[in-house]
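A short worksheet on the structure shown next.
Values below: every heavy atom of this structure, side chains too, minus hydrogens, waters and symmetry copies. In this text the structure is predicted, and so the values were computed from the model without any measurement.
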2 protein chains.
Amino acid sequence: MTQLFGDPSDTREEILAATYRALQTHGYAELTIDRIGEEFEKSISLIYHHFDDKDDVLVSCLEFMLDQYEHGHTGVSVDEPDAIEEIIESVLDPACSSEEQSLVSSLVELRAQAAHDPEYRAHFDRSDQVFRDRFAAIIRAGIDTGAYNASCDPDAVADTIHTALIGAMVRRATTDSTEWINAVETELQAYLRAQIYT
Amino acid sequence: MTQLFGDPSDTREEILAATYRALQTHGYAELTIDRIGEEFEKSISLIYHHFDDKDDVLVSCLEFMLDQYEHGHTGVSVDEPDAIEEIIESVLDPACSSEEQSLVSSLVELRAQAAHDPEYRAHFDRSDQVFRDRFAAIIRAGIDTGAYNASCDPDAVADTIHTALIGAMVRRATTDSTEWINAVETELQAYLRAQIYT
DNA sequence: TATTGTTGATTGAACGTTCAATCAATACGA
DNA sequence: TCGTATTGATTGAACGTTCAATCAACAATA
């Protein structure tokens with residue numbers, strides 16, 4: 001997961017990797033071009049040779065990560081039977097590395113930019129579609145194998161789980177409280193099973 | 001709802017009202033002290049006589065709104081039998097005034113600040129508690145009247161609904177897509193009823 | 001030579017914040 | 001009652017910093 005930007009093959013990718021690192025250490029709010037420069041071996045002004053502006057770098061970084069995710073899980077993983085349950089579990093894992101947590105925090109901050117910036121908005125539109133479609137595909141695969149209930153609506157369930165997980169990530173990133181985490185995990189699993197089985 | 005800042009009784013409240021208006025027209029990202037000043041009859045520097053800094057104004061504005069909400073709904077409304085269903089419906093109302101929508105957008109942007117700013121974080125900690133407790137109280141009231149199932153866990157259901165609604169608001173504020181909205185509403189109502197009845 | 005990559009220095013604007021000064025109102029003392 | 005402190009509200013102008021973005025020059029490569 002941290003080797004997302006393992007070996008940048010390009011100056012462009014070097015910049016994206018530096019951006020990723022700067023994002024992880026400073027978060028979006030404190031992220032400046034200079035701070036990206038600190039993580040980048042070469043000159044700051046070189047960034048403007050490869051990207052239009054600061055937001056272009058950030059959005060490109062997001063796009064890169066999403067592409068990696070998409071191609072990493074290219075074939076619909078029928079392999080894992082309880083794939084969604086495991087995703088819920090990992091998002092709501094009470095003990096979660098601070099690195100992962102700071103990445104989630106940054107993603108939450110970045111998503112908030114989509115409230116006023118069309119380029120971020122376009123990205124998260126696509127992002128939501130990718131995850132939603134993946135959830136739906138997993139459910140459909142389960143239906144095909146006969147493990148899941150054929151009369152449930154894969155798209156509706158996928159959208160609901162995805163929406164709830166966004167809420168969970170936002171809540172984690174923006175509050176100190178944690179008591180809700182276990183309860184929400186239990187309830188989401190219960191909801192999912194109720195829809196998917198019987 | 002818009003008359004939240006109906007008649008500011010104070011210079012302090014005038015500033016908060018101006019902040020609210022500036023927030024609604026510009027959003028958080030484009031919000032400057034000058035823009036607040038445009039909505040404020042008196043001088044910009046007067047703001048610093050009443051508040052520590054820019055964020056203090058914003059957080060105070062949030063606190064004011066939350067207080068208003070809290071005191072407006074002080075008594076647990078047992079009056080409405082399907083209060084939670086209606087709240088879900090209103091948050092996921094497909095046709096939603098652009099004023100309400102822009103307020104939600106701003107709230108999403110403001111919540112994102114809690115990812116790195118302790119003062120925002122403290123506010124949204126309290127905010128979550130207020131809403132969660134309200135949901136739980138409604139459910140408990142339903143159990144007391146015998147309308148709801150006594151063996152469900154009010155706190156867990158409350159936290160889950162609240163988390164999902166945060167996700168829904170964030171998704172609405174940060175993407176253009178709307179197809180998911182109706183599906184998610186249906187599913188949330190289904191989940192709620194499954195937990196609350198029988 | 002032409003093109004692409006790279007650099008350090010510089011620019012210009014935006015923005016939050018400060019500050020000295022003015023004003024209105026109230027309280028106080030003679 | 002009249003003058004005098006005192007206080008809080010209010011103002012406009014200015015300051016200092018941050019930061020994204022530009023630019024002219026240099027290196028490398030083909």
What residues, two or more places apart in sequence or in another chain, satisfy side-chain hydrogen bond (donor to acceptor under 3.5 Å, both in side chains) together with [X]?
X	answer
T163(B)	R171(A)
D144(B)	none
S97(B)	E100(B)

Self-check item: All pairs passing ring pair (Phe, Tyr, Trp, His ring centres under 6.0 Å) where residues 171-198 of chain B contributes a residue, at least two apart
Solution: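 Ring pair (Phe, Tyr, Trp, His ring centres under 6.0 Å) check on residues 171-198 of chain B returns Y148(B)-Y197(B).
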Practice problem: With sequence neighbours excluded, give me every ring pair (Phe, Tyr, Trp, His ring centres under 6.0 Å) pair touching residues 101-128 of chain B. | Solution: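 Counting only pairs at least two positions apart or across chains, no ring pair (Phe, Tyr, Trp, His ring centres under 6.0 Å) contact touches residues 101-128 of chain B.
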Quiz item: Which ones in residues 113-123 of chain A lie close to DNA chain C, meaning a heavy atom under 4.0 Å from one of its atoms?
Solution: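 Heavy-atom cutoff 4.0 Å gives no residues at all.
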Self-check item: Selection: residues 29-40 of chain B, any non-hydrogen atom under 4.0 Å of DNA chain C
Solution: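 Only L31(B), T32(B), I33(B) qualify.
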Self-check item: Boundaries of the DNA chain D segment in contact with chain A, non-hydrogen, under 4.0 Å
Solution: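 Answer, 5' to 3': dC19(D) to dC23(D).
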Practice problem: Begin from the C-alpha positions of T11(B) and H50(B) and carry the test side-chain contact (heavy atoms from CB on, under 4.5 Å) through to its verdict. | Solution: CA-CA 8 Å; T11(B) 299; H50(B) 291 276; 3.5 Å; yes
Self-check item: Set of residues satisfying side chain to side chain contact (heavy atoms under 4.5 Å, CB included) with respect to D155(B), sequence neighbours excluded
Solution: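 Counting only residues at least two positions away or on another chain, D155(B) forms a side chain to side chain contact (heavy atoms under 4.5 Å, CB included) with R132(B), A136(B), R140(B), D153(B).
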Quiz item: Considering residues at least two apart in sequence or located in another chain, which fulfil the side chain to side chain contact (heavy atoms under 4.5 Å, CB included) criterion with A164(B)?
Solution: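 In terms of side chain to side chain contact (heavy atoms under 4.5 Å, CB included), with neighbours along the sequence ignored, A164(B) is linked to A164(A), L188(B).
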Exercise. Please list residues of residues 45-63 of chain B whose heavy atoms come under 4.0 Å from any atom in DNA chain D, ordered by number; otherwise none.
Key: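 Within residues 45-63 of chain B, the residues near DNA chain D are S45(B), L46(B), H49(B), H50(B).
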Quiz item: Does the pair R193(B)/D82(B) count as a salt bridge with the N-to-O cut at 4.0 Å?
Solution: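 A salt bridge is absent here (no side-chain N lies under 4.0 Å from a carboxylate O).
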Exercise. Answer yes when R126(A) and D67(A) have at least one side-chain N-carboxylate O distance shorter than 4.0 Å, and no when they do not.
Key: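 Answer for the salt bridge query: yes.
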Practice problem: Only counting residues at least two apart or in another chain, list the ones meeting ring pair (Phe, Tyr, Trp, His ring centres under 6.0 Å) with F40(A). | Solution: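 For F40(A) there are no ring pair (Phe, Tyr, Trp, His ring centres under 6.0 Å) partners, ignoring immediate neighbours.
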Exercise. May I ask you to check whether E185(A) and Q189(A) show a side-chain donor-acceptor distance below 3.5 Å?
Key: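 Distance-only check passes for E185(A) and Q189(A).
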